[in-house]
Amino acid sequence: MTPRSLAQTLGSVVGDDHVLVDDDLRRGFETDWTGRWSGPSALVVRPGATHEVAEVLIRCAAAGVDVIPQAGNTGLVGGSVPRAGDQARRPAVVLSLRRLNAIADVDAAAMQLTAGAGTTIADWQAAARAVGLDTPIDFAARDSATVGGAIATNAGGSRVLRYGTMRQQVVGIEAVLADGRVVGSLTGLPKETVGLHWPSILAGSEGTLAIVTAARLRLVPHFDHVVTAMISTPTVGAAIELAGRLRRRVTSLDAIEIIQPEALRLVAAHLGRTPPIGVADDATVLLVECADHADPTDELLAELDGPGVTATAVATDAPHRVALVAFRDRLTEAINAASVDTGTPPFKLDVAVPLGAVEPLLDLAGDAARSDGCTLIAFGHLAEGNLHLNHLGVRDPDALADRVLRGVADLGGTISAEHGVGVAKTGWMHLVRTDDDLAAQAAIKSALDPLGMLNPGVLRAHDRRRSTAAGQVP
Ligand code: MLT
Ligand code: ZN
């Protein structure tokens with residue numbers, strides 16, 4: 001099928017205005033927001049309803065084109081933009097889900113709402129807050145990242161220690177299989193056991209098994225009283241000890257974010273502000289948030305008045321809290337800005353290790369960055385041992401990733417905590433999954449997507465040792 005006839009057939013489903021063919025219109029859908037991942041698309045199709053998604057998939061299958069699902073395009077592992085070079089096995093269509101952004105059936109008593117896959121996290125939050133509730137998920141990319149993308153990657157963010165990851169928030173799902181059949185249910189019954197659980201199957205499947213079109217999502221209480229503290233601890237070990245104490249004793253605890261000094265300096269320079277506390281080079285900084293129906297400040301301060309805390313800045317009113325949180329929320333933006341000077345996009349590794357291994361992980365990541373000659377900017381979500389290792393000016397990303405990810409696996413950790421595997425980490429899946437496990441996952445993929453048209457290359461494990469030796473790294 002020619003590109004022109006593909007555009008015509010998809011235009012007859014979604015309307016010609018929602019098929020983007022021109023280079024200028026497609027460009028923003030073909031590169032991720034770090035600028036590291038990029039590939040060409042035949043066109044971008046923007047369905048506005050579930051039945052349109054189904055019909056688009058049927059026609060793409062008939063046309064022999066691959067489908068790359070995308071919504072907010074805030075993914076960080078190359079999973080939501082077309083494949084480049086050898087990985088682009090057939091022409092690809094970007095299936096943009098942004099128009100599926102309706103919020104419906106808000107039920108304050110059941111503490112649930114239904115959101116289209118293209119609903120942003122910020123809009124989910126606004127709808128929850130309109131009925132005196134809140135979202136269990138929050139992260140810095142909230143204004144662009146979407147519910148569908150968060151399900152696809154099993155995103156987490158800062159509130160995971162209190163409410164769990166995205167997987168735990170999906171009480172119902174609607175999705176379209178590659179052949180156009182619609183599966184799932186949006187009833188949201190907390191107790192319903194009728195065979196397999198589609199939310200569990202699809203959360204974390206990164207658009208490879210089906211296209212999520214809508215989800216029934218959990219809501220949580222909204223707390224009027226929030227306190228935010230920036231804390232300096234003398235060592236990583238002291239930070240972990242403090243985090244453990246806070247988790248055991250402070251019931252209003254909402255977030256414990258870790259920011260290493262280099263990261264704090266970078267974001268402070270980007271913001272043009274001095275951090276409110278002095279931070280030594282070997283210190284570890286925590287940004288802690290507590291939220292409750294009554295003021296949790298005293299509860300938090302009581303625990304900070306002890307060993308292992310060298311400096312604290314506390315904010316209880318909204319403007320001061322926002323100013324403090326900016327040192328964490330705007331880190332990714334600061335890293336992207338700094339990467340422009342280095343001439344290469346930032347190189348990101350999202351990993352998690354058991355808490356006792358956070359310090360060795362930071363040591364090995366520091367060694368790996370020094371060997372490469374790049375600058376390591378480390379931060380993350382301490383309660384889950386989840387570190388975002390960002391590298392500026394990296395020379396050999398493949399060697400760096402290999403060293404760090406093998407180290408992570410040796411420490412009992414995982415190669416992806418909340419950003420997904422995408423195409424970036426497929427070569428290291430064997431480090432944390434057995435061959436039998438990966439074969440079973442591939443069998444599920446084949447059963448649901450026999451043509452392999454949904455997000456090809458993503459989550460497609462290959463053994464780097466074997467394939468490198470054979471010269472076959474795809
Ligand atoms: C974050 O926690 O800010 C994100 O996961 C994004 C990132 O690592 O850049
Ligand atoms: Zn994160």
Side-chain angles (χ1 to χ4, degrees), residues 33 46 48-50 70-75 96-174 186 188 199 203 212-228 252 254-255 257 287 289-293 315-326 328-330 332-333 381 418:
W33 70 329
R46 297 165 26 96
T50 301
Q70 186 191 96
N73 196 13
T74 57
S96 170
L97 296 153
R98 281 190 215 167
R99 287 180 66 217
L100 301 183
N101 60 357
I103 292 181
D105 301 325
V106 182
D107 185 337
M111 298 174 72
Q112 294 177 357
L113 59 69
T114 298
T119 306
T120 63
I121 303 301
D123 284 345
W124 174 23
Q125 235 164 29
R129 288 178 187 171
V131 293
L133 294 168
D134 209 341
T135 58
I137 293 289
D138 191 24
F139 49 85
R142 64 184 73 79
D143 291 328
S144 311
T146 62
V147 160
I151 294 171
T153 56
N154 187 28
S158 59
R159 306 191 89 183
V160 171
L161 71 91
R162 196 168 196 168
Y163 298 117
T165 64
M166 194 66 188
R167 182 172 281 143
Q168 277 94 51
Q169 320 314 330
V170 186
V171 288
I173 206 161
E174 176 193 80
L186 293 170
V212 173
T213 47
R216 188 83 183 143
L217 299 171
R218 207 179 142 214
L219 304 175
V220 295
H222 180 266
F223 299 114
D224 287 332
H225 298 270
V226 185
V227 56
T228 307
S252 59
D254 219 277
E257 302 288 287
L287 199 83
E289 204 144 74
C290 295
D292 210 340
H293 295 300
T316 50
D317 62 275
H320 287 101
R321 284 189 39 248
V322 169
L324 213 46
V325 170
R328 169 62 183 87
D329 259 12
R330 295 185 62 188
T332 300
E333 175 192 316
H381 315 283
E418 61 172 8

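Note that the structure is predicted; figures quoted are calculated from it, not measured.
Looking at Arg98, its side chain never comes within 3.5 Å of a backbone N or O of Thr146 through a donor-acceptor pair. Side chain of Gln168 to backbone of Thr165: a donor-acceptor contact under 3.5 angstrom is found.
Here the closest non-hydrogen pair linking Ala115 and Val147 is CB-CG2, 4.2 Å. A pairwise comparison of heavy atoms in Ala150 and Ile121 identifies CB-CD1, 4.2 Å as the closest pair. Closest non-hydrogen pair, Ala117 versus Ala71, comes out as O-CB, 4.5 Å. Residue Ile137 comes nearest to Gly164 through the heavy atom pair CD1-O, 3.8 Å, listed as atom of the first residue, atom of the second, then distance. When all heavy atoms of Ala122 and Asp143 are compared, the pair lying nearest together is CB-OD1, 3.3 Å. What you find for Thr74 and Trp33 is that their closest heavy atoms are O-NE1, 3.0 Å.
Distance check, rounded to the nearest 0.5 Å: CG of Leu100 to CZ of Arg46 gives 10.0 Å. In this structure, CG on Leu186 lies 8.5 Å from CD1 on Ile173, to the nearest 0.5 angstrom. Rounding to the nearest 0.5 Å places CG of Leu287 at 6.5 Å from CD of Glu289. Distance check, rounded to the nearest 0.5 Å: CG of Leu113 to CH2 of Trp124 gives 8.0 Å.
Environment of NE2 in His320: sparse, with no more than 12 heavy atoms of neighbouring residues, nucleotides or ligands closer than 6.0 Å.
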- Item | Gln169/Leu219 under side chain to side chain contact (heavy atoms under 4.5 Å, CB included): CA gap, chis, key distance, verdict | CA-CA 8 Å; Gln169 320 314 330; Leu219 304 175; over 6 Å; no
- Task: Would you check, one step at a time, whether the test side chain to side chain contact (heavy atoms under 4.5 Å, CB included) holds for Asp329 with Phe139?
- Result: CA-CA 8 Å; Asp329 259 12; Phe139 49 85; over 6 Å; no
- Apply side chain to side chain contact (heavy atoms under 4.5 Å, CB included) to the pair Arg167 and Ile151, showing each step before the final yes or no. CA-CA 7 Å; Arg167 182 172 281 143; Ile151 294 171; over 6 Å; no
- Message: Using side chain to side chain contact (heavy atoms under 4.5 Å, CB included), reason through Arg218 and Met111 one step at a time and then give a plain yes or no.
- Response: CA-CA 6 Å; Arg218 207 179 142 214; Met111 298 174 72; over 6 Å; no
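Defined by atom type and a distance below 3.5 Å, a donor-acceptor pair is missing between the side-chain atoms of Asn101 and Thr119.
Two residues are said to be in side-chain contact when any heavy atoms from C-beta on lie closer than 4.5 Å; Asp123 and Thr120 meet this criterion. Looking at heavy atoms from C-beta onward, Asp254 lies out of side-chain contact with Cys290 at the 4.5 angstrom threshold. Here the side chains of Val160 and His381 are not in contact, with every heavy-atom distance at 4.5 Å or above.
A salt bridge links Arg142 with Asp138: the distance from a Lys NZ or Arg NE/NH1/NH2 to an Asp or Glu carboxylate oxygen falls below 4.0 Å. By the 4.0 Å N-to-carboxylate-O rule, Arg216 lies too far from Glu174 to be salt-bridged with it. Contact check on Asp134 versus Arg159 returns a salt bridge, with a Lys/Arg side-chain nitrogen under 4.0 Å from an Asp/Glu carboxylate oxygen.
Remark: Arg328 pairs with Glu257 by the salt bridge (charged side-chain N to carboxylate O under 4.0 Å, His left out) rule, at least two apart or across chains.
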